[in-house]
Amino acid sequence: MTERKHYIDNIRWVTVLIVILYHVIYSFNTVGVIKNIGVDGIPQMDAVLTFVYPWFMCLLFVVGGMSARYSLEQRTAKTFAKERVRRLLVPSVAGIFILGWIASWVTNRYTDMFMGNGDMIPGPVKYIVYCLMGIGPLWFAHELFLASMILLLIRAIDKKDRLWTLGEKANIWILLLLVVAVWGSSWILNTPLIEVYRNGIYIFLFLLGYYVFSHEKVTDSLVRFKIPLMITALLTGVAYVIVHYGENYADKGLLRSFFTNTYAWLMILAIIGCFKAWCNRETRFSHYMTVRNFGFYVLHYPLLVILAWLITTYLKLPMLLNYIVLLLAELMLLPLLYEGVSRIPGLRFLLLGEKKKNET
């Protein structure tokens, strides 16, 4: 049995915390990224969004591919597929209809989504519209499920695992040069209307995680160069924020730039190396977060949107306090929401993909 890679678990839950922080600031962004809360915040805070957006979700796809490799070493492709349906597909679809309407309902408090015709539209129709426009962060589970199914197809073709054997040959220089392929993948298979589905780069990074970064030899090379990689990534990130401050950081043109993808790739390499070197252990808190990280990801955004609406509508706080109170309220209430949902069998299965309650 493959020894559990605690640094991968830790990357995952730390990134989920970054996602929560991102969504707190994003809720009040002033750079033109579509949001659910019709309140503009402090422009300087958007620099945090510009800093993390190029790489944080890309990182999750890389570690998702690594985890898939370790998972498939212990189970058949059929079992793996069934688990992916239960843990990814079911929550990502059920979540749209159980939770998706919340963000759209809040949006409608600020912007009339039905252009003055809301009273003429039947409630069930409005509910469907709300749900379909409220996919929110669930896109990640859709994309991860798609990447997993493509992986199974490639494995079925490459029965002798030649691609995985080839991936072990990647040294630090090859890893750095892979930025060209990462950049190229950012141009392909992007959906035209819902631009968050960047199929090319996310699937490619997932496959790199599976075929390249699942090799100990490869990640050990990142450990050896962890400090220069992290220094370079941070300096590149600062330069990136300075150059693109005030711009729409989610603009498809910006996301396809070589600068954006170089920065993202350097940060991914640096984080994997640093976490393997310094965070490859488990504590009680990290175990708690590892068990709950997917549930926190699924549940955090509807709760955050409701809290943001209530805080900005009724508390009338100075703008800086809106950020602080929203973050603190989210961090306090999200674990309670998770514990409640995890104790209701139907919701536990539909929203968390869990057959029984996970224990600490």
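Numbering of residues begins at 1 and proceeds along the displayed sequence.
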Minimum heavy-atom distance [X]-[Y], with the two atoms named:
X      : Y      : value
Gly95  : Leu138 : C-CD1, 3.5 Å
Arg84  : Phe145 : O-CD1, 3.7 Å
Val85  : Pro91  : O-CD, 4.4 Å
Val212 : Gly167 : CG1-O, 4.0 Å
Thr30  : Pro43  : OG1-CA, 3.6 Å
Ser67  : Ile8   : OG-CG2, 3.6 Å

Query raised in the report: Which of these passes ring-ring contact (aromatic ring centres under 6.0 Å, His included) with Trp13: Tyr7, Phe285, Tyr297, Tyr288?
Result: Phe285
Query raised in the report: With distance as the sole criterion, is a donor-acceptor pair present between the side chains of Tyr249 and Asp46 under 3.5 Å?
Result: no
Report task. Could you please spell out the steps behind the side chain to side chain contact (heavy atoms under 4.5 Å, CB included) verdict for Ile42 and Phe28? Result -> CA-CA 8 Å; Ile42 302 169; Phe28 309 119; over 6 Å; no
Query - Test applied, side chain to side chain contact (heavy atoms under 4.5 Å, CB included); reference residue, Phe275; option that passes from Asn280, Val14, Val63 - result: Val14
Answer with yes or no whether the hydrophobic clustering places [X] together with [Y]; edges join I, L, V, M, F, W, Y residues whose side-chain heavy atoms lie under 4.5 Å apart.
X      : Y      : value
Leu177 : Ile268 : no
Tyr314 : Trp105 : yes
Leu320 : Val48  : yes
Phe225 : Val62  : yes

Backbone N or O of [Y] within a donor-acceptor pair of the [X] side chain at under 3.5 Å?
X      : Y      : answer
Trp265 : Val180 : no
Lys126 : Ile121 : no
Arg162 : Lys159 : no
Asn10  : Cys279 : yes
Thr15  : Ile11  : yes
Asn261 : Val179 : no
Ser92  : Leu89  : yes
His6   : Thr283 : no
Asn36  : Val305 : no
Arg348 : Ser342 : yes

Say you draw a straight line from [atom1] of [X] to [atom2] of [Y]; how long is it, rounded to the nearest 0.5 Å?
X      : Y      : atom1 : atom2 : result
Leu153 : Arg155 : CG    : CZ    : 11.5 Å
Ile203 : Leu189 : CD1   : CG    : 6.5 Å
Asn293 : Ser286 : CG    : OG    : 11.0 Å
Leu337 : Leu303 : CG    : CG    : 6.0 Å
His215 : Leu166 : NE2   : CG    : 8.5 Å
Leu304 : Ile102 : CG    : CD1   : 12.0 Å

Query raised in the report: Quick one: does NZ or CZ of Arg109 land under 6.0 Å from the six-membered ring centre of Trp309, within 45 degrees of the ring axis?
Result: no
Query raised in the report: Do Tyr301 and His23 have ring centroids that are under 6.0 Å from one another?
Result: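 Ring centres of Tyr301 and His23 closer than 6.0 Å.
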Report task. Answer yes if the ring centres of Tyr240 and Trp55 are under 6.0 angstrom apart, and no otherwise. Result -> no
Report the relative orientation of the aromatic rings in [X] and [Y]; use parallel for angles under 30°, tilted for 30 to 60°, perpendicular for over 60°.
X      : Y      : value
Phe51  : Tyr263 : tilted
Tyr22  : Tyr26  : parallel
Phe259 : His244 : tilted

**Report entry** Arg4 and Glu282 ion-paired at < 4.0 Å
**Finding:**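 The answer is no: the pair does not qualify as a salt bridge.
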Query raised in the report: Do NZ/NE/NH1/NH2 and the carboxylate oxygens of Arg292 and Glu339 come within less than 4.0 Å?
Result: yes
**Report entry** Derivation and outcome, side chain to side chain contact (heavy atoms under 4.5 Å, CB included), residues Asn199 and Glu143
**Finding:** CA-CA 7 Å; Asn199 296 291; Glu143 206 73 288; 2.6 Å; yes
Under a 4.5 Å cut-off applied to non-hydrogen side-chain atoms, are [X] and [Y] in contact?
X      : Y      : result
Arg256 : Asn190 : yes
Cys58  : Ile201 : yes
Ser104 : Val129 : no
Arg12  : Leu60  : yes
Glu354 : Arg87  : yes
Glu330 : Leu307 : yes
Phe61  : Leu144 : yes
His300 : Pro137 : yes

Query - Verdict with supporting geometry, His142 and Ile135, side chain to side chain contact (heavy atoms under 4.5 Å, CB included) - result: CA-CA 10 Å; His142 301 159; Ile135 293 174; 3.9 Å; yes
Requested in this report: Would you mind listing every side-chain hydrogen bond (donor to acceptor under 3.5 Å, both in side chains) that reaches into residues 216-227, with sequence neighbours excluded?
Outcome: Lys5-Glu216, Glu216-Lys276, Thr219-Lys276, Asp220-Lys276
Query raised in the report: Between Val291 and His287, is a side chain to side chain contact (heavy atoms under 4.5 Å, CB included) present by the stated rule, with each step listed?
Result: CA-CA 6 Å; Val291 169; His287 178 74; 3.7 Å; yes
Requested in this report: Return yes when atom CE of Met133 has more than 12 non-hydrogen atoms of other residues, nucleotides or ligands closer than 6.0 Å, and no otherwise.
Outcome: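 Count not over threshold, so no.
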**Report entry** Within 6.0 Å of CD1 in Ile34, more than 12 heavy atoms from elsewhere
**Finding:** no
